Number of protein chains: 2
Amino acid sequence: MSDVETRTKILNAAQDLIQRWGANGMSYQHISEAVGIRKPSIHHYFPTKEDLIEELVDRYSDYFLKMVDQIGESQDSAKQKLQRYAALFEATLRAGSQDKACLCGMLGAELASLGNNSAAKIRHFYRENEKRLTRILEEGRKSREFRFEGDSGATAALIFSLLEGAVLIARAQDGVKQFRGIAQQLMTLLKA
Amino acid sequence: MSDVETRTKILNAAQDLIQRWGANGMSYQHISEAVGIRKPSIHHYFPTKEDLIEELVDRYSDYFLKMVDQIGESQDSAKQKLQRYAALFEATLRAGSQDKACLCGMLGAELASLGNNSAAKIRHFYRENEKRLTRILEEGRKSREFRFEGDSGATAALIFSLLEGAVLIARAQDGVKQFRGIAQQLMTLLKA
DNA sequence: GTCTATAGCGCGATAGAC
DNA sequence: GTCTATCGCGCTATAGAC
C-alpha cells in the first residue's frame with residue numbers, strides 16, 4: 001500500500017473516532033483496529049497525537065471552507081445559500097451509520113486539553129465560517145430575502161453557534177429529524 | 001470534616017473539572033489535588049466514576065431546572081423571562097476565573113463514552129429545558145412580546161441548542177462578550 | 001473515614017529487527 | 001514501512017491497616 005493511502009486511512013479513521021467519541025476518547029489503539037495496522041506504524045506518519053489532530057483540523061477546515069466557498073460563489077439566492085450551508089452540518093450529522101458531530105465543534109468542547117496549534121486552527125475555522133456567513137446574510141438582507149434587525153456579524157455568530165450546538169444536542173435526541181426542524185425554524189426566524 | 005462536606009467538595013471539584021476539561025479529561029487524581037484528599041478516599045463516596053457523574057448530572061439538573069422554574073413562575077414579562085434564562089448560561093460561562101461550559105452540554109458532546117444512566121439523565125435535562133422554554137415562548141407570543149412564525153416547540157429546541165452551542169463556542173473566542181452579543185441578537189430575532 | 005500500597009490496564013511513545 | 005517488544009506513565013479500582 002502506498003504511503004498516501006495509509007496516511008489517508010489513518011486520518012479518516014481518526015476523524016471518525018473523534019467525531020463520535022471526542023479527542024480524549026480516541027486512541028492510537030482504536031485507529032490501529034479500524035485501519036488494520038499496528039499501533040507503532042501510526043507514529044511513523046504522525047509522531048505525536050497532537051501532530052495527528054493538527055493535520056486533521058487542517059484537512060477538515062480546508063475541505064469544509066471550500067464547500068462553503070462553493071456555496072458563496074454560486075448563483076443561488078441567499079436563502080438557498082443558507083439552506084445549503086445548514087445542510088453541510090446535517091450531512092456531517094448523518095455521515096456513516098452513526099451520528100457524528102462537526103470535528104471542530106467536538107474539539108471546541110475539548111479545547112482546554114488540546115495543544116496551542118490545534119486550538120488556533122479551530123479558532124480560525126470558527127472565524128472563517130462566521131465571516132462567510134456574514135456575507136450571505138448581508139446579501140440576503142440587501143435582496144430582502146432576509147428580514148432581521150441588528151448586526152449581521154452577531155447574527156452570523158448566532159447561526160454558527162446554533163448549528164454547532166444543534167449537531168451536538170441532536171445526537172442525544174432525535175438526530176437528523178430534530179436538526180432539520182431547527183434549521184427550518186431558523187429560516188423562518190430570518191423571514192426567509 | 002463531616003461526610004456531607006467532603007462529599008460536596010468532591011462534587012464541586014469534579015463539576016468544575018468536567019466543565020473545563022470534559023469527563024474524559026477529569027480524573028480522580030485531579031479531584032484529589034483540588035479537594036486535598038487522597039485518591040482512594042474518593043472511591044469511598046463514589047465507588048465508580050460513573051456513579052460520580054450520575055450524581056453530578058442529577059444535582060446540576062435539579063439545581064438548574066429549579067432556577068428555570070423560578071423564572072417561569074415569576075411575575076416577569078416573557079421577554080424578561082427569556083433574558084433571565086439566557087443569563088443562566090452566561091453565569092455558567094463566567095463562573096470562577098475560567099470559562100466553563102454547561103455541564104450537560106459538555107457531557108452531551110461526550111455522550112458516547114458515558115454510561116446509559118448518565119446519558120438518560122442528560123437527555124432528560126435537554127427535554128425539560130425545551131419544555132419550559134416552549135411555555136415561555138407561547139406566553140410571549142400570546143402577549144405579543146414575541147413575534148415569530150412557526151412552531152414554538154421547534155423554536156424552543158432552537159434556542160436551547162443555540163445557548164448550549166454559544167457557551168461552547170464562545171470559550172474559544174471572545175467569551176462572555178461574544179455570548180452576550182448572541183443572546184441579544186436572539187431577542188432581536190424574536191422581535192422582543 | 002482516611003490512609004498506604006498496589007493491582008491491572010490502556011495510553012502515547014521509542015528502540016531496533018526485518 | 002511495518003513489525004515485535006517494551007518503557008513509563010496515568011488511569012480506575014481494590015485490599016487492608018489505622
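Lettering of chains follows the sequences in order, A, B, ..., and the numbering in each one begins at 1. All values reported here derive from a predicted model rather than from experimental measurement.
The phosphate of D:dT2 has OP1 or OP2 within less than 4.0 Å of a side-chain N or O from A:Thr6. Put simply, A:Ser41 has no side-chain N or O that comes within less than 4.0 Å of OP1 or OP2 on D:dG1. Considering only side-chain N and O atoms, A:His44 lies under 4.0 angstrom from the phosphate OP1 or OP2 of D:dG1.
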Side chains of residues 150-159 of chain A: which donor-acceptor partners sit under 3.5 Å, not counting sequence neighbours?
{"residue": "A:Asp151", "atom": "OD2", "partner": "A:Gly153", "partner atom": "N", "Å": "3.2"}
{"residue": "A:Asp151", "atom": "OD2", "partner": "A:Ala154", "partner atom": "N", "Å": "2.9"}
{"residue": "A:Ser152", "atom": "OG", "partner": "A:Glu138", "partner atom": "OE2", "Å": "2.8"}
{"residue": "A:Thr155", "atom": "OG1", "partner": "A:Asp151", "partner atom": "O", "Å": "2.7"}
{"residue": "A:Thr155", "atom": "OG1", "partner": "B:Gln185", "partner atom": "NE2", "Å": "2.9"}

Distance-only donor-acceptor hits, side chain of residues 91-108 of chain A, under 3.5 Å, sequence neighbours excluded:
{"residue": "A:Thr92", "atom": "OG1", "partner": "A:Leu88", "partner atom": "O", "Å": "3.0"}
{"residue": "A:Arg94", "atom": "NE", "partner": "A:Glu90", "partner atom": "OE2", "Å": "3.4"}
{"residue": "A:Lys100", "atom": "NZ", "partner": "A:Asp16", "partner atom": "OD1", "Å": "2.8"}

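Atom P of nucleotide D:dC3 and atom NE2 of A:His43 are separated by 13 Å, given to the nearest angstrom. Distance, A:Lys49 NZ to C:dG12 P: 5 Å, rounded to whole Å. Between A:Phe46 atom CZ and D:dG1 atom P there is a gap of 13 Å when expressed in whole angstrom units. Rounded to an integer number of Å, the gap from CD of B:Glu50 to C1' of D:dA13 is 15 Å. Residue A:Arg38 contributes atom CZ, which lies 18 Å from atom P of C:dC18 at whole-angstrom precision. We find that CG of A:Leu52 is positioned 14 Å from P of C:dC11, with the value rounded to whole Å.
With sequence neighbours excluded, the residues satisfying side chain to side chain contact (heavy atoms under 4.5 Å, CB included) with A:Asp58 are A:Lys121. Every residue two or more places apart in sequence or in another chain that forms a side chain to side chain contact (heavy atoms under 4.5 Å, CB included) with B:Asn117 is listed here: B:Glu50, B:Glu54.
Heavy-atom distances under 4.0 Å link DNA chain C to B:Ile37 of residues 14-37 of chain B, given in residue order.
No side-chain donor from either of A:Tyr45 and A:Asp51 sits under 3.5 Å from a side-chain acceptor of the other.
Under the side chain to side chain contact (heavy atoms under 4.5 Å, CB included) test applied with A:Asn129, the options A:Leu163, A:Thr134, A:Leu65 reduce to a single match, A:Leu65.
The residue among B:Lys39 and A:Lys39 whose nearest nucleotide of DNA chain C is located toward the 5' end is B:Lys39.
A salt bridge does not link A:Glu73 to A:Arg132: none of the charged nitrogens lies less than 4.0 Å from a carboxylate oxygen.
A 6.0 Å sphere centred on CD of B:Gln184 holds no more than 12 heavy atoms belonging to other residues, nucleotides or ligands.
Using a 4.0 Å heavy-atom distance criterion, A:Pro47 is classed as a sugar-phosphate-only contact.
Nearest nucleotide to the side chain of A:Tyr45, out of D:dT12, D:dT2, C:dC3: D:dT2.
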**OP:** Can you run through DNA chain D from 5' to 3' and write each base as (, ), [, ], | or . depending on how it pairs? Watson-Crick or G-U wobble, both distances under 3.5 Å.
**Re:** ||||||||||||||||||

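A:Phe179 and A:Phe89 have their aromatic ring centers separated by at least 6.0 angstrom.
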